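The shown structure was predicted, so the numbers you read here are calculated from the model rather than taken from an experiment.
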Amino acid sequence: MMIGQALDRVEGPLKVTGKATYAYEQWDEGGVSPLYGFIVGATIGKGRITRIDTARAEASPGVQMVMTHHDTPPEGSPDHSARLEFYRAFPVLSGPDVHHYGEPVALVVASTFEQARAASHLVDVEYATEPGRYDFAAFQDQAYVPEKLVFGMPVDTAVGDFAAGFEAAEIKLDQRYTTPYAFSLPLEPHACLAVPRGDDLILHLSTQIVDAARTSIAATLQMDAERIHVVTPYVGGGFGSKLRIHYETILAALAARALCRPVKIALTRQQTFHLVSLRPTSSQRVRLGAGRDGRLVAIAHEATMHTSPEAEFVEATAVTTRSLYAAPDRLTSHRMVPLDLVRGESVRAPGEAPGLLAVESAMDELAHELGMDPVELRILNEPSVDPERGVPYSERKLVECLREGARRFGWERRSAEPASVRDGRWLLGYGMATAIRRHSQTTATARVRLEAGTAVVESDMTDIGTGTYTILTQVAADGLGLPPERVRVELGSSEFPVSMGSGGSWGAGSSSTAVHRACAALREKVLAAACGDARSALHGRDAADAVFSDGRVSIDGASEGLREIVDRLYPEGIEAEGSVRFMSDEPNYQKYGIHTYGAQFAEVGVDTDTGEIRMRRMLGVFSAGRILNAKTARSQLVGGMIWGVSAALHEEGVVDMRSGAFVNGDFAQYLVPVHADIPEVDALMLDGSDDKANALGAKGIGELGICGAGAAVANAVFNAAGVRVRDFPITIEKVLSGLPRMDV
């Protein structure tokens, strides 16, 4: 059984030797060296271009072209009827209006990157500045009700009578939590090499969804999608920021078509903060009503977030509360505040990551108010069915995660009294939180072909560093009874069968199920041919009893090599396809609540003199159905947990209220954890299989690790220092003034 094994990454040797080429590393496409583009961004946050002079830039050494809104070819407009924004047109340089700081106002193309960058400073732009809305707090009175959430989820929900239930509750908690602007910032920059070839356009780019990129580019350039060829075999991280294309892709394509030369553009790290979208800031009101025994009677989660007036994005922040805890009277809502900032976008675990920071902090506050153990409070409020939809859960092992996590972490050693445990000058504290993440299934198709003793898997599915090549190798090897070295997986090309790529933790489950079904269809073809072939040892036997193992096909003691069967009957090879449908078309996703779960535990130290917070250890116990690869799964979970620490203690995009610019737009000032910030982190996975999710019983884990992790850290800080911070991130300044005085 290959599925579940801790198989090393099959593409690992290519990556560590530098042979796995990413988008910007493509140097010689068609024998013509590429030109280089550099984007000139607006230096205001709102207004219009009144004059733009490109003469000096055009006269600069090596410059081939300077493109502005004056000479941009006609582009398509976004089709808002498309199910997801990733597939819509993305026009650039389409007019003189400036909608946010850093928005492209020109593109300089030159023979080298250095020439393009130098000439970009010579483009002279004058603006008529208009008053901009940049202050989220100041404009919350302009919040409005959005039209919809992603995947058709309702914007607001109400069950029972929350107002009455909350009013009648013996214990009431009513708090507001705020989360900052946050960014994806993958290691690989957003990049594109556009290569014109006759009427076709080849694009080497960094994207999470090949089909969405192709569709969006075609709609923008007003081209036949069949003429566009997207190539992205390796993606160096995405975290949601590469679900859709961005400025560099369209600008590279426009310039390549205009110059009839390959053009390459990569965003600098600083440009990423203004040219790639972000996680919206949020203000979340959480109200919990409970009896003195801790049982919840009313729960409300109301999220207010920023959005762009030009492109609405609603992070489903309050959705996390809908399926987490039992309570008869319930309310959730989402409201949007339009600001003249870069648009919002999916960032790892959109909705759950910021939502659980608030809700799980509130649950910790309730436990403290009740004098109750936080683990036991959560177990007490475990629902038997989805409390809002009224449907059963498919596989829910949240209580098991809580119990096992508490046991392994040594939760019984926790002191319930904040600021009561010391280690020298350090105050020590334990915190915990639960994790929940909605499991999604999207469309996916895979083709599996047997040829020359090898199984070749093809799909436009992407590997964004999560191990897709490896898990699909395992699924195909398992499905055809082959060793993994006889499986070759080819991904990331628009010439392959279509999927919805990687994102939303849907990639592994969807693509693996498609490969699993393709292998099943291929087995049927092979068996039908072999059992009907008089030359085969399997002739006349019942195909229902067949076993594929060790490269052979066996039925009731008779056996023949799979390669021998294929070589004899199908010398040119044989193939089959397998597909899965979008979850709204699958009955199980309507009949059951299908989620992944976890329990997060953290220990921190807080310096009594400086307020410095230091992680000491962290544990997560997770339930995500059947695990496809134990090694890559653990890596994903640990990475998510570290991001949760970062959300709690480090990350914060700071806006200049004069211009709408993010003033800390680089890694020197936008803080993320370094090795010294992260101590021992462990992630454990419970055995399981969710047959309601898919035929493999597997569910997504790429975002589960971040869910609840930040709240566990925040709750540990409170337990250590007795200081409750509700405005994230938790910084020294927010903790220091509340620290208890210590006797010398």
For G702 and R348 the tightest heavy-atom approach is O-NH2, 2.6 Å

Give me the one residue out of Q284, R287, H334 that meets side chain to side chain donor-acceptor pair (under 3.5 Å) with E302.
-> R287

Non-neighbouring partners of H439 that pass ring-ring contact (aromatic ring centres under 6.0 Å, His included), sequence neighbours left out | none

Step by step, would you call F151 with R438 a side-chain contact (heavy atoms from CB on, under 4.5 Å)?
-> CA-CA 12 Å; F151 297 142; R438 184 189 190 211; 4.1 Å; yes

Does the gap between the ring centers of Y181 and H306 come in under 6.0 Å?
-> yes

For side-chain contact (heavy atoms from CB on, under 4.5 Å), just list the numbers for I436 and S323, CA-CA rounded to whole Å, side-chain angles, deciding distance to a tenth of an Å, and then say yes or no.
-> CA-CA 8 Å; I436 185 172; S323 301; 4.1 Å; yes

Main-chain N/O of R413 paired with Y430 side-chain donor or acceptor, under 3.5 Å = no

Under 3.5 Å donor-acceptor, K172 side chain and L288 backbone = no

Atom CZ in F313, atom CG in L278: separation rounded to 0.5 Å?
-> 9.5 Å

Tested for ring-ring contact (aromatic ring centres under 6.0 Å, His included) against F662, the lone hit among Y670, F273, F183, Y134 is F183

Do the side chains of D607 and I732 get nearer than 4.5 Å, heavy atoms only?
-> no

Do the side chains of V713 and M618 get nearer than 4.5 Å, heavy atoms only?
-> yes

Measure the spacing between CG of L686 and OG of S623 and express it to the nearest 0.5 Å.
-> 5.5 Å

With a 4.5 Å limit on heavy-atom distance, are the side chains of L243 and L84 in contact?
-> no

Residues S384 and Y393: closest non-hydrogen pair is O-CD1, 4.1 Å

Under a 4.5 Å cut-off applied to non-hydrogen side-chain atoms, are S308 and H99 in contact?
-> no

Donor-acceptor pair between R437 and T596 side chains, under 3.5 angstrom = no

Would you kindly say whether E703 and S505 are connected by a side-chain donor-acceptor distance under 3.5 Å?
-> yes

Do R614 side-chain atoms and W426 backbone N/O form a donor-acceptor pair below 3.5 Å?
-> no

Is it true that E315 and R279 have a side-chain N and a carboxylate O under 4.0 angstrom from each other?
-> yes

If you measure from the Lys or Arg side-chain nitrogens to the Asp or Glu carboxylate oxygens, is any gap between R408 and D682 under 4.0 Å?
-> no

Sorted by first residue and then second, give each side chain to side chain donor-acceptor pair (under 3.5 Å) pair with at least one member in residues 363-380; sequence neighbours left out.
-> Y177-E365, Y325-R378, E360-R378, D364-R724, E365-R726, D373-W411, E376-R403

Has the side chain of N664 got a donor or acceptor atom that lies under 3.5 Å from a matching backbone atom of V654?
-> yes

Can any side-chain N or O of T608 pair as donor or acceptor with the backbone N or O of R425 at less than 3.5 Å?
-> yes

Going by atom types alone, do E417 and S415 pair a side-chain donor with an acceptor below 3.5 Å?
-> no

Does E400 offer a backbone N or O that forms a donor-acceptor pair with the side chain of E404 under 3.5 Å?
-> no

Min side-chain heavy-atom separation V145-V155 under 4.5 Å = yes

Does the distance from a Lys or Arg side-chain N to an Asp or Glu carboxylate O, for K699 and D690, drop under 4.0 Å?
-> yes

Measure the shortest side-chain to side-chain distance between R414 and N719 over non-hydrogen atoms and say whether it is less than 4.5 angstrom.
-> yes

Do the charged groups of D156 and R335 touch, with an N to O distance under 4.0 Å?
-> yes

What's the shortest heavy-atom distance between A714 and S361, and which atoms?
-> CB-OG, 4.3 Å

Salt bridge present between E103 and K46 (N-O < 4.0 angstrom) | no

Expected output: side-chain Q600 to main-chain G705 donor-acceptor under 3.5 Å = yes

A182 and V347 have their tightest heavy-atom pair at O-CG2, 4.3 Å

Starting from the C-alpha separation in whole Å, work towards a yes-or-no answer on salt bridge (charged side-chain N to carboxylate O under 4.0 Å, His left out) for D340 and R133.
-> CA-CA 5 Å; D340 299 310; R133 295 169 293 180; 3.8 Å; yes

Stepwise salt bridge (charged side-chain N to carboxylate O under 4.0 Å, His left out) test for R244 and E345 | CA-CA 9 Å; R244 68 171 177 84; E345 191 171 67; 3.1 Å; yes

Taking it one step at a time, do S646 and E651 satisfy side chain to side chain donor-acceptor pair (under 3.5 Å)?
-> CA-CA 6 Å; S646 189; E651 295 188 48; 2.7 Å; yes

Looking only at atom types and distance, does a side-chain atom of K397 sit under 3.5 Å from a main-chain N or O of A624, one as donor and one as acceptor?
-> no

Could you tell me which non-hydrogen atom of G291 sits nearest to which non-hydrogen atom of L370, and how far apart they are?
-> O-CD2, 3.8 Å

Lys/Arg N to Asp/Glu carboxylate O, E680 vs R617, below 4.0 Å = no

What side chain to side chain donor-acceptor pair (under 3.5 Å) pairs are there with at least one residue in residues 138-148, not counting sequence neighbours?
-> Y144-E312

Roughly how far, to the nearest 0.5 Å, is the CG atom of D135 from the CG atom of L341?
-> 10.0 Å

Using side-chain hydrogen bond (donor to acceptor under 3.5 Å, both in side chains) as the criterion, list what pairs up with H190, not counting sequence neighbours.
-> S241

Looking only at atom types and distance, does a side-chain atom of N715 sit under 3.5 Å from a main-chain N or O of A711, one as donor and one as acceptor?
-> yes

What is the distance from atom CE of M583 to atom CD1 of I594, rounded to the nearest 0.5 Å?
-> 9.5 Å

Does T317 use its side chain to pair, donor to acceptor, with the backbone of G355 at less than 3.5 Å?
-> no

To the nearest 0.5 Å, what is the distance between CE (M432) and CZ (F601)?
-> 4.5 Å

Can you see which heavy atom on L427 is nearest to which on A419, and at what distance?
-> CD2-O, 4.1 Å

Is there a side-chain contact between T178 and F728 (heavy atoms, below 4.5 Å)?
-> no

Show me the side-chain donor-acceptor pairs of residues 158-170 shorter than 3.5 Å, one per line, residues at least two apart or across chains.
unit_1 : atom_1 : unit_2 : atom_2 : d
D161   : OD1    : A163   : N      : 3.4
D161   : OD1    : A164   : N      : 3.2
E170   : OE1    : R292   : N      : 2.9

Non-neighbouring partners of R658 that pass side-chain hydrogen bond (donor to acceptor under 3.5 Å, both in side chains), sequence neighbours left out = D656

Atom pair CG (L739) and OG1 (T610), whose distance is rounded to the nearest 0.5 Å | 8.5 Å

Would you say the side chain of V725 lies within less than 4.5 Å of the side chain of V717, judging by non-hydrogen atoms?
-> no

Say whether T304 and S283, considering side chains only, have a donor N or O and an acceptor N or O under 3.5 Å apart.
-> no

Can you tell me if T157 and T332 form a side-chain donor-acceptor pair at under 3.5 Å?
-> yes

